[in-house]
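What's counted below: heavy atoms across the whole structure, side chains too, no hydrogens, waters or symmetry copies. In this text the structure is predicted, and so the values were computed from the model without any measurement. Ligands are counted one by one from 1 in listed order, and the atoms in each one are counted from 1 as well.
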Amino acid sequence: MMEIPKSHPRYESLMRREKLVAGIEAGITSMQGLIAHGRGEAFDYLIGERTMDSALQATEVAAAILCDANKPVLSVNGNVAALASPEMVALSRLIDAPLEVNIFYRTEARVKRIKELLMRSGAKRVFGDMPDARLEGIDHARGLVSHDGIYTADVVLAPLEDGDRCEALIAMGKKVITIDLNPLSRTSRYATVSIVDDVQRALRNIIKIIEDNNLSRNADLDSILANYDNRKILKAAINEIAERLVNLEP
Ligand code: ATP
């Protein structure tokens, strides 16, 4: 990866680009993933590259749901692998949840490389290389999942997910937590909880909340969920972005 001085005003953002380019070179990220990143990056620019209050609220609810889940599964695609493998693995170990490689532009070689990267990063269980179940209504390769992983999970954390798959998971009765910088995406609108934040920032926040609060299965989830309205959180995210833009000096 290119050496970027920490003092550079766009250090974090440039590092993300470097990681994705390294992901392409290592055969884990798709070219289309670069374009998807560009869309996210544009939103992050408008957000101000920070965690918004609304995102933090969603993150707290996500942490409670993950801790209370019977069978949580963490879904990893090529961009997530390049940008946040250590964080995905750390979370999976913290809550004892398996990871599942689930990619849009599937090739068996890419799945294998992502699995190997996760295992090298300390993952204990990684599904996805031998899919044996299908998501209803999703065309062939994109709908492939593991029966003992995503197919039978009650909670799926699916960062940078695609709207159709998110909808299919919700239709199966699962709770879906997504991390997506675009509050207008179909994924953000369909998910049970949408965290409008960068994937690495959001995962670090989830981990910190669980560690700091010693969250466990007896979290008072019913009342947390009863008071949570995902549409309201998305609206709040849009308002936070708009307010920042209105007050920005060119
Ligand atoms: P949808 O089907 O949900 O409308 P989409 O077609 O807009 O999704 P995809 O290409 O399927 O988008 O998914 C990429 C999504 O991930 C985009 O919405 C983009 O904003 C978001 N994204 C890209 N990079 C990041 C990142 N680093 N952190 C969080 N979200 C990101």
Side-chain angles (χ1 to χ4, degrees), residues 1 4 10-24 28-52 54-59 62 74-88 90-91 101-106 110 114 135 137-139 141-144 150 156-171 174 176-207 230-231 233-234 237-238 240-241:
M1 283 200 288
I4 296 172
R10 309 211 51 73
Y11 175 77
E12 297 284 343
S13 172
L14 293 176
M15 278 308 290
R16 271 180 227 126
R17 290 184 182 183
E18 288 301 315
K19 284 183 188 172
L20 283 168
V21 170
I24 297 264
I28 60 171
T29 305
S30 68
M31 295 293 246
Q32 292 85 347
L34 291 184
I35 301 168
H37 182 74
R39 180 179 291 163
E41 196 180 65
F43 274 99
D44 209 18
Y45 205 97
L46 303 178
I47 286 168
E49 295 170 326
R50 72 205 155 104
T51 297
M52 297 187 286
S54 53
L56 196 55
Q57 280 179 50
T59 307
L74 315 183
S75 180
V76 181
N77 66 20
N79 281 37
V80 175
L83 292 171
S85 278
E87 287 80 7
M88 286 300 271
L91 180 59
V101 181
N102 189 253
I103 55 181
F104 196 100
Y105 299 99
R106 185 182 177 100
R110 272 185 68 219
I114 295 173
L135 298 179
I138 300 294
D139 59 20
R142 293 170 53 227
L144 293 175
I150 286 177
V156 181
L157 172 69
L160 284 60
E161 186 53 280
D162 144 70
D164 290 7
R165 276 192 303 208
C166 179
E167 196 179 12
L169 294 170
I170 293 281
K174 301 177 194 306
V176 178
I177 298 164
T178 192
I179 303 170
D180 189 331
L181 282 158
N182 180 2
L184 304 169
S185 75
R186 288 174 308 141
T187 308
S188 290
R189 286 186 282 124
Y190 292 139
T192 316
V193 173
S194 310
I195 303 172
V196 180
D197 202 356
D198 167 66
V199 62
Q200 196 182 38
R201 288 200 304 265
L203 289 170
R204 287 181 177 171
N205 285 335
I206 294 175
I207 291 167
N230 200 51
R231 291 283 167 137
I233 285 286
L234 290 176
I238 293 166
E240 278 184 81
I241 295 170

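Residue Arg106 comes nearest to Ala141 through the heavy atom pair CD-O, 4.1 Å, listed as atom of the first residue, atom of the second, then distance.
Set against the non-hydrogen atoms of Gly163, the atoms of ligand 1 under 4.0 Å away are 1 (P), 2 (O), 3 (O). Near Arg39, meaning under 4.0 Å from one of its heavy atoms, ligand 1 places the atoms 5 (P), 6 (O), 7 (O), 12 (O). Under a 4.0 Å criterion applied to the non-hydrogen atoms of Leu83, ligand 1 contributes the atoms 27 (N). Counting atoms of ligand 1 from 1 in the listed order, those under 4.0 Å from a heavy atom of Asp198 are 26 (C), 27 (N), 28 (N), 29 (C). The ligand atoms of ligand 1 that sit less than 4.0 angstrom from a heavy atom of Asn182 are 18 (O), 20 (O).
Proximity of Asp198 to Arg16: side-chain heavy atoms (C-beta onward) are separated by under 4.5 Å at one or more points. Using a 4.5 Å heavy-atom cutoff, the side chains of Ile150 and Ser75 are in contact. Between Ile195 and Asn205, the closest side-chain pair of non-hydrogen atoms is not below 4.5 Å. Using a 4.5 Å cut-off on side-chain heavy atoms (C-beta onward), Asp44 and Arg201 make contact. Two residues are said to be in side-chain contact when any heavy atoms from C-beta on lie closer than 4.5 Å; Ile103 and Ser30 fail this criterion. Arg186 has its side chain out of reach of Cys166: every pair of non-hydrogen atoms, C-beta onward, lies at least 4.5 Å apart.
Looking only at protein heavy atoms, the nearest one to atom 4 (O) of ligand 1 is Arg186 N, 2.9 Å. Scanning the protein for heavy atoms near atom 13 (O) of ligand 1, the closest one is Glu161 O, 3.9 Å. In terms of protein heavy-atom proximity, atom 18 (O) of ligand 1 is closest to Asp180 OD1, 2.9 Å. With respect to atom 29 (C) of ligand 1, the closest heavy atom belonging to the protein is Asp197 O, 3.3 Å. When only non-hydrogen protein atoms are considered, atom 16 (O) of ligand 1 lies nearest to Leu160 CG, 3.6 Å. The nearest protein atom to atom 10 (O) of ligand 1, hydrogens excluded, is given as Ala36 CB, 3.6 Å; this is a heavy-atom distance. Ranking the protein heavy atoms by distance from atom 25 (C) of ligand 1 puts Leu181 CD1, 3.8 Å first. Among all protein heavy atoms, the one lying closest to atom 3 (O) of ligand 1 is Thr187 OG1, 2.4 Å.
Residue contacts with ligand 1 for Ile35 are absent, since no atom lies close enough (heavy atoms, distance under 4.0 Å).
Residue-environment remark: CZ (Arg142) exceeds the threshold of 12 foreign heavy atoms within 6.0 Å.
Here the rule is side chain to side chain donor-acceptor pair (under 3.5 Å) with Ser194, and of Thr187, Asp180, Asn230 only Asn230 fits it.
Distance check for atom 27 (N) of ligand 1: a protein heavy atom is found below 4.0 Å.
The closest donor-acceptor contact from the side chain of Thr29 to the backbone of Gly78 lies under 3.5 Å.
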